[in-house]
Amino acid sequence: MISEIVNKSMSSSSSQQHQFRYTQTPSKVLHLRNLPWECTDDELVHLCNPFGNIVNTKCNVGANRNQAFVEFADLNQAISMVSYYASSSDPAQVRGKTVYIQYSNRHEIVNNKSPGDIPGNVLLVTIEGVEAGDVSIDVIHLVFSAFGFVHKIATFEKTAGFQALIQYTDSDTAASARNALDGRSIPRYLLPEHVGSCHLRISYSAHRDLNIKFQSNRSRDYTNPMLPVNHTAIDGALQPVIGPDGKKKEPESNVLLASIENMQYAVTVDVLHTVFSSFGTVQKIAIFEKNGQTQALIQYPDVTTAAAAREALEGHCIYDGGYCKLHLTYSRHTDLNVKAFSDKSRDYTLPDLSLLATQVPPTGWQNPQSTPMYPVSSPAFQAQVPGGQMPSWDPNQQAFRPSYVPTPDNFPGQTYRGPPIPAYASAAMPAGASSPHAQRNPNVHNASSMGITQHGVPPNVNFQPSGPSPPVPGSSPHMQTNPMAGAAPQGHRPYYG
DNA sequence: AGCACA
């Protein structure tokens, strides 16, 4: 007995713990633990209200969501509750669980509720890591119907990403869906193959009743089957097409979505422009991060060009050695809204005054099949694109780039490990000739010797558009013909697991 | 059963 006490006092030698255990100064904020994880604010209020006015609560706190804080208007009210249960024979309970109450070590509940935490019958769901086209409204409906009747769904795209408003009958249903799905992932088999993980972030919407005008591919009202159908939205070019194999195919688009795997090297707007310009005029480029993976949207003037680029580049690596492997799909977008000139985006369609003075008139891409799809010699690859194609903005023409100052530091030293040889002429370069080790000498930074002062072309651009000739197997050690081939088995993860 | 969160 005595030794126990001694041990305890010794083990709790830290002043923190000591204070915790013995000198809890009263606070009008109470800390409640051992709550059921389903505990609601209402239940907290119900429990604490008899002792005073509750001005704030914070529920479902902690890793197990089994703690809470309650703030009384007055310190004496908190004291009365603590002392009541300190001497009471029957303990405080929520849903039959004994709740342990003590003074919090803080004196107010701060930031109790962001708007999204105020319960309601409408959920705001952010689907991370996907584009709007990746998750159909039917999939969303399926997933969220598991918790109750879904009245309405409206989807939209915001800066936060692809979002959906899900309307349930009541906030209890909404809460159960939120509790079950927040942070979880939509099962892989319900998603297109190129989608990696896609986590749901769920908060409450302030909406009570969504105003759905049409049944369309972006909104549904399941309570009103008579609602007019927006056929253009449903049947339009954006509607997924079922391929001959019965699998969903994304509709073609003039905008490609590139997911870049194995991003060993920075992939800049310039690099992408270089790569994708081999197939036609690149109008706009936007680079962004989705779930830690770099993606880019590349806009061509027409679907045909985009299709040619996709066909040729799919599965290929920008850099030798399996680095920066491209996975291309069609985007839902048809016209990107990008900053004209930033490090993550470019709009090549805008007139550049400094360019117009000296610019060669742009010539449209004529026949991608009849000419080599990529320049044959590396240094001035940009200028040598056959067909007279001249982008309205040429990264190699420094004189025409008033606001663009190359910053070599953009390449972290440890990744910029070699001469920026845009070995774009894969045909002229035997597979394996460019061994990664030979090329990535950390001491070689002879960018300018290549005639390419633009920093955006990292080492050894050993790009191998297939075009007329098939890809060379084994040219990149890590290259898989089908990038998804190895991923399929583990793609099936347990439902919401 | 043991202190949140931007």
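Any value given below was found using the heavy atoms of this structure, including those in side chains, with hydrogens, waters and symmetry copies removed. Order of the sequence lines fixes the chain letters, A, B, ..., with proteins taken first and strands second; residue numbering starts at 1 for each chain.
In this structure, CD1 of A/Ile101 is placed 16 Å from P of B/dC3, rounded to the nearest angstrom. Atom pair A/Leu30:CG and B/dA4:C1' shows a separation of 14 Å (rounding to whole Å applied). Distance A/Leu32 CG to B/dA4 P: 15 Å, rounded to the nearest Å. Here B/dA4 presents its P atom at 21 Å from CH2 of A/Trp37, a figure rounded to the nearest Å. In this structure, A/Ile109 places its CD1 atom 16 Å from P of B/dA6, rounding to the nearest Å. Taking atom CG on A/Leu35 and atom C1' on B/dC3, their separation rounds to 13 Å, with Å as the unit. Between A/Arg201 atom CZ and B/dA6 atom C1' the separation is 16 Å, expressed in whole Å. Between the CZ atom of A/Arg106 and the C1' atom of B/dC5 there is a distance of 7 Å, rounded to whole Å.
When each of A/Asn60 and A/Asn66 is assigned the nucleotide of DNA chain B bearing its nearest heavy atom, the one mapping closer to the 5' terminus is A/Asn66. With the nearest nucleotide of DNA chain B identified for both A/Asn34 and A/Glu108, A/Asn34 has the one nearer the 5' end.
Figure legend: A/Arg346 and A/Phe341 shown as a cation-pi pair, the cationic atom lying under 6.0 angstrom from the six-membered ring centre and within 45 degrees of its axis.
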Inset, instruction - Apply side chain to side chain contact (heavy atoms under 4.5 Å, CB included) to A/Ile212 and A/Leu227, showing your working. - result: CA-CA 9 Å; A/Ile212 307 293; A/Leu227 196 68; 3.9 Å; yes
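Legend: ring-ring contact (aromatic ring centres under 6.0 Å, His included) pairs involving residues 47-68 of chain A, not counting sequence neighbours, sorted by first then second residue: A/Phe51-A/Tyr84, A/Phe51-A/Tyr85. For residues 128-143 of chain A, the salt bridge (charged side-chain N to carboxylate O under 4.0 Å, His left out) pairs, not counting sequence neighbours, are A/Glu128-A/Arg201, A/Asp138-A/Arg220.
Nearest nucleotide to the side chain of A/Lys58, out of B/dC5, B/dG2, B/dA4: B/dA4.
Scanning residues 67-96 of chain A for heavy-atom distances under 4.0 Å to DNA chain B yields A/Gln67, A/Phe69.
A/Ser259 and A/Gln295 are linked by a side-chain donor-acceptor pair at a separation below 3.5 angstrom, with hydrogens and angles left out of the test.
Test A/Thr223, A/Thr169, A/Asn224 against A/His151 for side chain to side chain donor-acceptor pair (under 3.5 Å) and you get one pass: A/Thr169.
Here A/Tyr348 and A/His273 bring their ring centres to under 6.0 angstrom of each other.
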